[in-house]
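Down below is the structure, laid out as C-alpha coordinates.
Whatever order the structure lists them in is the order used to number ligands and atoms, beginning at 1.
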Amino acid sequence: MSKNNEKEFMDFRSDTVTKPTQAMRQAMFDAMVGDDVYGDDPTVNKLEEEAAKRLGKEAALFVPSGTFGNQLALFTHCQRGDEVILADDCHIVAHEAGAAAVIAGVQLRTITFPGGIPVPDEIKKRVRATGDIHEPKTALICLENALGNGRVVPLTVMKEISGIAKEYNVPIHLDGARIFNAALALGVEAREIAAYVDSVQFCLSKGLCSPVGSILAGTTAFIGNARRKRKIMGGGMRQAGVLAAPGLIALNEMTKRLGEDHETAKLLGRELAAIKGVTVEPVEINMVFFHIDGTGFPYERFAGAMFERGFLVNGESRGPLRMVTHNDVTAEDVKKAAAAIKEIVGQ
Ligand SMILES: *Cc1c(COP(=O)(O)O)cnc(C)c1O
(Lines give C-alpha, C1' and ligand atoms only; values in the text may rest on other atoms or scores of the structure.)
Protein backbone atom coordinates (compact mmCIF):
# COMPACT_ATOMS: atom_id res chain seq x y z
CA MET A 1 0.00 0.00 0.00
CA SER A 2 1.38 3.40 -0.96
CA LYS A 3 2.05 6.09 1.57
CA ASN A 4 -0.71 8.23 0.09
CA ASN A 5 -3.18 5.47 0.65
CA GLU A 6 -1.98 4.60 4.12
CA LYS A 7 -4.96 3.81 6.28
CA GLU A 8 -5.67 3.68 9.95
CA PHE A 9 -9.28 2.60 9.71
CA MET A 10 -10.88 0.11 7.39
CA ASP A 11 -13.48 2.31 5.83
CA PHE A 12 -16.76 0.69 4.79
CA ARG A 13 -18.89 3.86 4.83
CA SER A 14 -19.06 4.28 1.06
CA ASP A 15 -17.10 3.90 -2.16
CA THR A 16 -16.84 7.70 -2.15
CA VAL A 17 -13.97 7.31 0.35
CA THR A 18 -11.65 5.72 -2.24
CA LYS A 19 -8.36 7.53 -2.68
CA PRO A 20 -6.83 8.16 -6.11
CA THR A 21 -4.31 5.47 -7.07
CA GLN A 22 -0.62 6.14 -7.65
CA ALA A 23 -1.22 5.95 -11.41
CA MET A 24 -3.92 8.61 -11.04
CA ARG A 25 -1.65 10.87 -9.01
CA GLN A 26 1.06 10.55 -11.66
CA ALA A 27 -1.46 11.25 -14.43
CA MET A 28 -2.60 14.39 -12.58
CA PHE A 29 1.01 15.50 -12.34
CA ASP A 30 1.64 14.90 -16.04
CA ALA A 31 -1.72 16.12 -17.39
CA MET A 32 -1.77 18.40 -20.42
CA VAL A 33 -4.13 21.25 -19.56
CA GLY A 34 -5.73 24.35 -21.05
CA ASP A 35 -8.64 26.62 -20.25
CA ASP A 36 -11.62 24.29 -20.49
CA VAL A 37 -14.11 27.18 -20.52
CA TYR A 38 -12.51 28.07 -23.89
CA GLY A 39 -12.64 24.36 -24.82
CA ASP A 40 -8.83 24.33 -24.72
CA ASP A 41 -8.16 21.54 -22.23
CA PRO A 42 -7.07 18.48 -24.24
CA THR A 43 -7.40 16.10 -21.31
CA VAL A 44 -10.97 17.18 -20.53
CA ASN A 45 -11.84 16.94 -24.22
CA LYS A 46 -10.42 13.43 -24.36
CA LEU A 47 -12.34 12.33 -21.26
CA GLU A 48 -15.58 13.75 -22.62
CA GLU A 49 -15.09 12.02 -25.98
CA GLU A 50 -14.19 8.67 -24.49
CA ALA A 51 -16.99 8.81 -21.92
CA ALA A 52 -19.56 9.60 -24.62
CA LYS A 53 -18.31 6.70 -26.73
CA ARG A 54 -18.34 4.33 -23.77
CA LEU A 55 -21.97 5.19 -23.06
CA GLY A 56 -23.03 5.14 -26.71
CA LYS A 57 -24.01 8.82 -26.59
CA GLU A 58 -23.09 11.64 -28.98
CA ALA A 59 -21.48 13.93 -26.43
CA ALA A 60 -20.52 14.26 -22.78
CA LEU A 61 -19.64 16.93 -20.27
CA PHE A 62 -17.29 16.80 -17.28
CA VAL A 63 -18.99 18.13 -14.13
CA PRO A 64 -17.80 18.54 -10.53
CA SER A 65 -20.06 15.95 -8.87
CA GLY A 66 -22.88 13.50 -9.35
CA THR A 67 -25.34 15.86 -7.73
CA PHE A 68 -24.17 18.57 -10.13
CA GLY A 69 -24.67 16.24 -13.13
CA ASN A 70 -28.17 15.21 -12.06
CA GLN A 71 -29.27 18.76 -11.29
CA LEU A 72 -27.76 19.99 -14.54
CA ALA A 73 -29.79 17.34 -16.37
CA LEU A 74 -33.00 18.56 -14.71
CA PHE A 75 -32.05 22.19 -15.44
CA THR A 76 -31.36 21.37 -19.10
CA HIS A 77 -34.33 19.09 -19.83
CA CYS A 78 -36.96 21.15 -17.97
CA GLN A 79 -38.51 24.59 -17.70
CA ARG A 80 -39.49 26.10 -14.33
CA GLY A 81 -42.78 24.67 -13.11
CA ASP A 82 -42.41 21.49 -15.12
CA GLU A 83 -42.95 18.16 -13.44
CA VAL A 84 -40.42 15.35 -13.09
CA ILE A 85 -41.54 11.78 -12.32
CA LEU A 86 -39.18 9.79 -10.12
CA ALA A 87 -38.91 7.43 -7.15
CA ASP A 88 -39.47 8.94 -3.71
CA ASP A 89 -36.27 7.46 -2.30
CA CYS A 90 -34.02 8.26 -5.26
CA HIS A 91 -30.88 10.32 -4.82
CA ILE A 92 -32.34 13.38 -6.56
CA VAL A 93 -35.24 13.48 -4.10
CA ALA A 94 -33.59 12.22 -0.93
CA HIS A 95 -29.93 13.29 -1.04
CA GLU A 96 -29.51 16.42 -3.13
CA ALA A 97 -30.56 18.97 -0.51
CA GLY A 98 -33.70 20.08 -2.34
CA ALA A 99 -31.61 21.34 -5.28
CA ALA A 100 -34.32 20.63 -7.86
CA ALA A 101 -36.45 23.36 -6.29
CA VAL A 102 -33.55 25.80 -6.17
CA ILE A 103 -31.87 25.27 -9.55
CA ALA A 104 -34.29 23.86 -12.14
CA GLY A 105 -37.35 25.09 -10.20
CA VAL A 106 -39.27 21.93 -11.04
CA GLN A 107 -41.98 20.03 -9.23
CA LEU A 108 -41.05 16.48 -8.25
CA ARG A 109 -43.79 13.87 -8.62
CA THR A 110 -42.59 10.97 -6.54
CA ILE A 111 -43.63 7.33 -6.58
CA THR A 112 -43.03 4.68 -3.92
CA PHE A 113 -41.66 1.52 -5.47
CA PRO A 114 -41.54 -1.33 -2.95
CA GLY A 115 -38.01 -2.77 -3.15
CA GLY A 116 -36.99 0.09 -5.39
CA ILE A 117 -37.49 -1.49 -8.82
CA PRO A 118 -39.62 0.97 -10.83
CA VAL A 119 -43.05 -0.19 -11.95
CA PRO A 120 -43.63 1.04 -15.53
CA ASP A 121 -47.43 1.28 -15.14
CA GLU A 122 -47.08 3.51 -12.09
CA ILE A 123 -44.95 5.88 -14.14
CA LYS A 124 -47.36 5.76 -17.08
CA LYS A 125 -50.30 6.66 -14.82
CA ARG A 126 -48.57 9.85 -13.76
CA VAL A 127 -47.58 11.22 -17.15
CA ARG A 128 -49.74 14.27 -17.78
CA ALA A 129 -50.64 14.39 -21.42
CA THR A 130 -53.87 16.39 -21.67
CA GLY A 131 -52.32 19.81 -22.25
CA ASP A 132 -54.84 21.22 -19.73
CA ILE A 133 -53.55 24.66 -18.65
CA HIS A 134 -54.15 23.73 -15.00
CA GLU A 135 -51.65 20.93 -15.12
CA PRO A 136 -47.89 21.06 -14.89
CA LYS A 137 -46.16 19.60 -17.92
CA THR A 138 -44.46 16.23 -17.48
CA ALA A 139 -41.01 17.17 -18.75
CA LEU A 140 -38.82 14.33 -17.53
CA ILE A 141 -38.71 10.85 -16.04
CA CYS A 142 -35.68 10.06 -13.83
CA LEU A 143 -34.43 6.56 -13.19
CA GLU A 144 -31.51 5.16 -11.22
CA ASN A 145 -29.33 2.16 -12.03
CA ALA A 146 -27.81 0.79 -9.88
CA LEU A 147 -30.32 1.83 -7.22
CA GLY A 148 -29.19 3.45 -3.98
CA ASN A 149 -30.37 0.33 -2.16
CA GLY A 150 -27.75 -1.72 -3.99
CA ARG A 151 -30.21 -3.40 -6.32
CA VAL A 152 -30.00 -3.41 -10.09
CA VAL A 153 -32.88 -2.57 -12.43
CA PRO A 154 -33.36 -5.25 -15.13
CA LEU A 155 -33.05 -4.12 -18.75
CA THR A 156 -36.58 -5.37 -19.45
CA VAL A 157 -37.90 -2.76 -17.00
CA MET A 158 -35.70 -0.02 -18.49
CA LYS A 159 -36.98 -0.96 -21.94
CA GLU A 160 -40.63 -0.86 -20.93
CA ILE A 161 -40.24 2.59 -19.34
CA SER A 162 -38.38 3.79 -22.43
CA GLY A 163 -41.38 2.70 -24.53
CA ILE A 164 -43.77 4.70 -22.32
CA ALA A 165 -41.50 7.75 -22.47
CA LYS A 166 -41.38 7.59 -26.26
CA GLU A 167 -45.15 7.18 -26.45
CA TYR A 168 -45.60 10.47 -24.56
CA ASN A 169 -42.48 12.14 -25.96
CA VAL A 170 -40.98 12.63 -22.49
CA PRO A 171 -37.19 12.26 -22.10
CA ILE A 172 -35.57 10.02 -19.49
CA HIS A 173 -32.56 10.95 -17.38
CA LEU A 174 -30.64 8.13 -15.76
CA ASP A 175 -28.80 8.72 -12.50
CA GLY A 176 -26.15 6.14 -13.26
CA ALA A 177 -23.81 7.10 -10.42
CA ARG A 178 -22.83 3.41 -10.38
CA ILE A 179 -23.76 2.46 -13.95
CA PHE A 180 -20.61 0.36 -14.37
CA ASN A 181 -21.49 -1.65 -11.27
CA ALA A 182 -24.99 -2.12 -12.68
CA ALA A 183 -23.60 -3.16 -16.06
CA LEU A 184 -21.32 -5.69 -14.43
CA ALA A 185 -24.17 -7.13 -12.35
CA LEU A 186 -26.39 -7.35 -15.45
CA GLY A 187 -23.59 -8.81 -17.57
CA VAL A 188 -23.90 -6.08 -20.21
CA GLU A 189 -21.95 -3.02 -21.38
CA ALA A 190 -22.91 0.30 -19.79
CA ARG A 191 -24.09 1.55 -23.19
CA GLU A 192 -26.73 -1.18 -23.27
CA ILE A 193 -28.29 0.38 -20.16
CA ALA A 194 -27.79 3.94 -21.43
CA ALA A 195 -29.51 3.02 -24.71
CA TYR A 196 -32.89 3.24 -22.94
CA VAL A 197 -32.41 6.83 -21.72
CA ASP A 198 -31.76 10.25 -23.21
CA SER A 199 -29.19 11.48 -20.71
CA VAL A 200 -27.05 9.75 -18.14
CA GLN A 201 -24.88 10.86 -15.23
CA PHE A 202 -22.19 8.65 -13.78
CA CYS A 203 -19.60 9.20 -11.03
CA LEU A 204 -15.87 8.92 -11.63
CA SER A 205 -15.27 9.51 -7.96
CA LYS A 206 -16.92 6.51 -6.30
CA GLY A 207 -15.80 2.93 -6.94
CA LEU A 208 -13.75 4.22 -9.89
CA CYS A 209 -11.45 6.06 -7.44
CA SER A 210 -11.08 9.41 -9.20
CA PRO A 211 -10.74 12.21 -6.64
CA VAL A 212 -13.43 14.45 -8.18
CA GLY A 213 -15.97 14.48 -10.93
CA SER A 214 -18.86 13.03 -12.87
CA ILE A 215 -19.92 12.80 -16.48
CA LEU A 216 -23.21 13.90 -18.01
CA ALA A 217 -23.83 12.42 -21.46
CA GLY A 218 -26.53 12.80 -24.10
CA THR A 219 -27.12 14.18 -27.60
CA THR A 220 -24.84 16.88 -29.00
CA ALA A 221 -27.68 19.42 -28.74
CA PHE A 222 -28.46 18.47 -25.14
CA ILE A 223 -24.81 18.66 -24.08
CA GLY A 224 -24.46 22.01 -25.88
CA ASN A 225 -27.31 23.40 -23.78
CA ALA A 226 -25.93 21.73 -20.66
CA ARG A 227 -22.53 23.35 -21.24
CA ARG A 228 -24.16 26.77 -21.02
CA LYS A 229 -26.19 25.82 -17.95
CA ARG A 230 -23.10 24.34 -16.29
CA LYS A 231 -21.62 27.86 -16.60
CA ILE A 232 -24.72 29.31 -14.93
CA MET A 233 -24.24 26.85 -12.07
CA GLY A 234 -20.62 27.91 -11.66
CA GLY A 235 -19.28 24.63 -13.01
CA GLY A 236 -17.15 26.02 -15.82
CA MET A 237 -13.73 24.86 -14.66
CA ARG A 238 -10.45 26.15 -16.08
CA GLN A 239 -7.41 23.80 -16.12
CA ALA A 240 -9.63 20.88 -15.23
CA GLY A 241 -7.36 18.45 -17.06
CA VAL A 242 -5.68 17.68 -13.74
CA LEU A 243 -9.04 16.21 -12.68
CA ALA A 244 -9.92 14.69 -16.05
CA ALA A 245 -6.60 12.79 -16.16
CA PRO A 246 -7.52 10.48 -13.26
CA GLY A 247 -11.02 10.41 -14.75
CA LEU A 248 -9.61 8.74 -17.87
CA ILE A 249 -7.95 6.08 -15.72
CA ALA A 250 -11.22 5.67 -13.81
CA LEU A 251 -13.10 5.14 -17.06
CA ASN A 252 -10.59 2.98 -18.90
CA GLU A 253 -8.86 1.01 -16.15
CA MET A 254 -10.81 1.10 -12.91
CA THR A 255 -14.06 -0.04 -14.51
CA LYS A 256 -12.25 -3.35 -15.19
CA ARG A 257 -11.67 -4.09 -11.52
CA LEU A 258 -15.18 -3.47 -10.13
CA GLY A 259 -15.71 -7.24 -10.12
CA GLU A 260 -13.30 -7.45 -7.18
CA ASP A 261 -15.58 -5.14 -5.19
CA HIS A 262 -18.61 -7.24 -6.06
CA GLU A 263 -16.73 -10.35 -4.93
CA THR A 264 -15.67 -8.80 -1.60
CA ALA A 265 -19.24 -7.58 -1.09
CA LYS A 266 -20.58 -11.10 -1.69
CA LEU A 267 -17.97 -12.47 0.70
CA LEU A 268 -19.07 -9.98 3.34
CA GLY A 269 -22.69 -10.92 2.69
CA ARG A 270 -21.92 -14.61 3.21
CA GLU A 271 -19.88 -13.98 6.36
CA LEU A 272 -22.63 -11.81 7.86
CA ALA A 273 -25.39 -14.25 6.94
CA ALA A 274 -23.53 -16.89 8.97
CA ILE A 275 -23.86 -14.80 12.15
CA LYS A 276 -26.84 -15.74 14.30
CA GLY A 277 -29.58 -13.11 14.24
CA VAL A 278 -28.15 -11.21 11.27
CA THR A 279 -30.11 -11.13 8.02
CA VAL A 280 -28.56 -9.96 4.78
CA GLU A 281 -30.33 -8.55 1.74
CA PRO A 282 -29.35 -9.92 -1.68
CA VAL A 283 -25.95 -8.56 -2.76
CA GLU A 284 -25.84 -7.44 -6.39
CA ILE A 285 -23.13 -4.77 -6.52
CA ASN A 286 -20.56 -3.51 -3.99
CA MET A 287 -23.10 -2.77 -1.26
CA VAL A 288 -24.20 -5.01 1.57
CA PHE A 289 -27.37 -4.16 3.47
CA PHE A 290 -28.10 -6.14 6.60
CA HIS A 291 -30.29 -6.22 9.69
CA ILE A 292 -29.23 -7.02 13.25
CA ASP A 293 -32.70 -7.01 14.86
CA GLY A 294 -32.41 -10.73 15.55
CA THR A 295 -29.29 -10.22 17.67
CA GLY A 296 -30.86 -7.76 20.09
CA PHE A 297 -27.84 -5.46 19.67
CA PRO A 298 -29.06 -1.84 19.33
CA TYR A 299 -28.53 -0.23 15.92
CA GLU A 300 -27.51 3.08 17.42
CA ARG A 301 -24.50 1.54 19.14
CA PHE A 302 -23.24 -0.38 16.11
CA ALA A 303 -21.11 2.31 14.41
CA GLY A 304 -19.45 3.21 17.71
CA ALA A 305 -18.63 -0.41 18.50
CA MET A 306 -17.12 -0.83 15.03
CA PHE A 307 -15.13 2.38 15.43
CA GLU A 308 -13.56 1.05 18.62
CA ARG A 309 -12.36 -1.96 16.63
CA GLY A 310 -10.87 0.06 13.76
CA PHE A 311 -13.74 0.07 11.26
CA LEU A 312 -15.69 2.99 9.88
CA VAL A 313 -19.36 2.37 9.08
CA ASN A 314 -22.29 4.75 8.88
CA GLY A 315 -24.61 4.83 11.86
CA GLU A 316 -28.25 3.90 11.40
CA SER A 317 -30.70 4.22 14.23
CA ARG A 318 -33.21 1.72 12.79
CA GLY A 319 -31.46 -0.20 10.06
CA PRO A 320 -30.76 -1.66 7.68
CA LEU A 321 -27.03 -1.16 8.10
CA ARG A 322 -24.97 -0.65 4.98
CA MET A 323 -21.37 -1.57 4.26
CA VAL A 324 -19.69 -0.78 0.97
CA THR A 325 -16.64 -2.47 -0.55
CA HIS A 326 -14.16 -0.70 -2.82
CA ASN A 327 -10.56 -0.50 -4.01
CA ASP A 328 -9.22 0.41 -0.58
CA VAL A 329 -10.64 -2.61 1.28
CA THR A 330 -9.41 -6.15 0.77
CA ALA A 331 -10.97 -9.58 1.26
CA GLU A 332 -8.81 -9.77 4.41
CA ASP A 333 -10.37 -6.51 5.71
CA VAL A 334 -13.81 -7.94 4.99
CA LYS A 335 -13.10 -11.05 7.04
CA LYS A 336 -11.80 -8.94 9.91
CA ALA A 337 -14.92 -6.76 9.76
CA ALA A 338 -17.20 -9.80 9.80
CA ALA A 339 -15.32 -11.21 12.79
CA ALA A 340 -15.67 -7.88 14.61
CA ILE A 341 -19.41 -7.79 13.87
CA LYS A 342 -19.83 -11.33 15.15
CA GLU A 343 -18.11 -10.32 18.38
CA ILE A 344 -20.16 -7.11 18.72
CA VAL A 345 -23.61 -8.56 18.13
CA GLY A 346 -22.82 -11.66 20.19
CA GLN A 347 -22.25 -9.61 23.34
C1 LIG B 1 -23.37 9.39 -4.98
C2 LIG B 1 -24.60 9.44 -5.78
C3 LIG B 1 -24.97 10.60 -6.47
C4 LIG B 1 -24.26 11.93 -6.30
O5 LIG B 1 -22.92 11.99 -6.39
P6 LIG B 1 -22.08 13.09 -5.60
O7 LIG B 1 -20.83 13.09 -6.41
O8 LIG B 1 -21.92 12.57 -4.22
O9 LIG B 1 -22.80 14.39 -5.67
C10 LIG B 1 -26.10 10.56 -7.24
N11 LIG B 1 -26.85 9.45 -7.32
C12 LIG B 1 -26.54 8.32 -6.68
C13 LIG B 1 -27.42 7.12 -6.83
C14 LIG B 1 -25.41 8.28 -5.88
O15 LIG B 1 -25.12 7.15 -5.23
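Residue-to-ligand polar distances place Thr67 within reach of ligand 1: an N/O pair is separated by less than 3.5 Å. At least one N or O atom of Gly66, backbone or side chain, sits closer than 3.5 Å to an N or O atom of ligand 1.
A salt bridge links Arg126 and Glu122; the closest N-O separation between the charged side-chain nitrogens and carboxylate oxygens is under 4.0 Å. Taking a cutoff of 4.0 Å between a charged side-chain nitrogen and a carboxylate oxygen, Lys336 and Glu332 do not qualify as a salt bridge.
Near Ser65, the atoms of ligand 1 lying under 4.0 angstrom from a non-hydrogen atom of the residue are 7 (O), 9 (O). Proximity to Cys203 (heavy-atom distance under 4.0 Å) selects the following atoms of ligand 1: 5 (O).
Contacts with ligand 1 closer than 4.0 Å are made by side-chain heavy atoms of Asn70 only, the backbone lying farther away. Neither the backbone nor the side chain of His95 comes within contact range of ligand 1; no heavy atom lies under 4.0 Å.
Here the heavy atom of the protein found nearest to atom 4 (C) of ligand 1 is His91 CE1, 3.3 Å. Among all non-hydrogen protein atoms, the one lying nearest atom 11 (N) of ligand 1 is Asp175 OD2, 2.5 Å.
The six-membered or imidazole ring of Phe311 lies away from that of Phe9, with a centre-to-centre distance of 6.0 Å or more. Taking the six-membered ring for Trp and the full ring otherwise, the centers of His77 and Phe222 sit less than 6.0 Å from each other.
The main-chain N or O of Asp261 is found under 3.5 Å from a side-chain atom of Thr264 such that the two form a donor-acceptor pair.
In this structure, Ser214 falls outside the shell of residues with a heavy atom less than 4.0 angstrom from ligand 1. At least one heavy atom of Lys206 sits closer than 4.0 Å to an atom of ligand 1.
Taking the six-membered ring for Trp and thresholds of 30 and 60 degrees, Phe302 and Phe297 have ring planes more than 60 degrees apart, a perpendicular arrangement.
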Show your reasoning for whether salt bridge (Lys or Arg N to Asp or Glu O under 4.0 Å) applies to Asp15 and Arg178. CA-CA 10 Å; Asp15 46 12; Arg178 296 186 181 85; 2.8 Å; yes

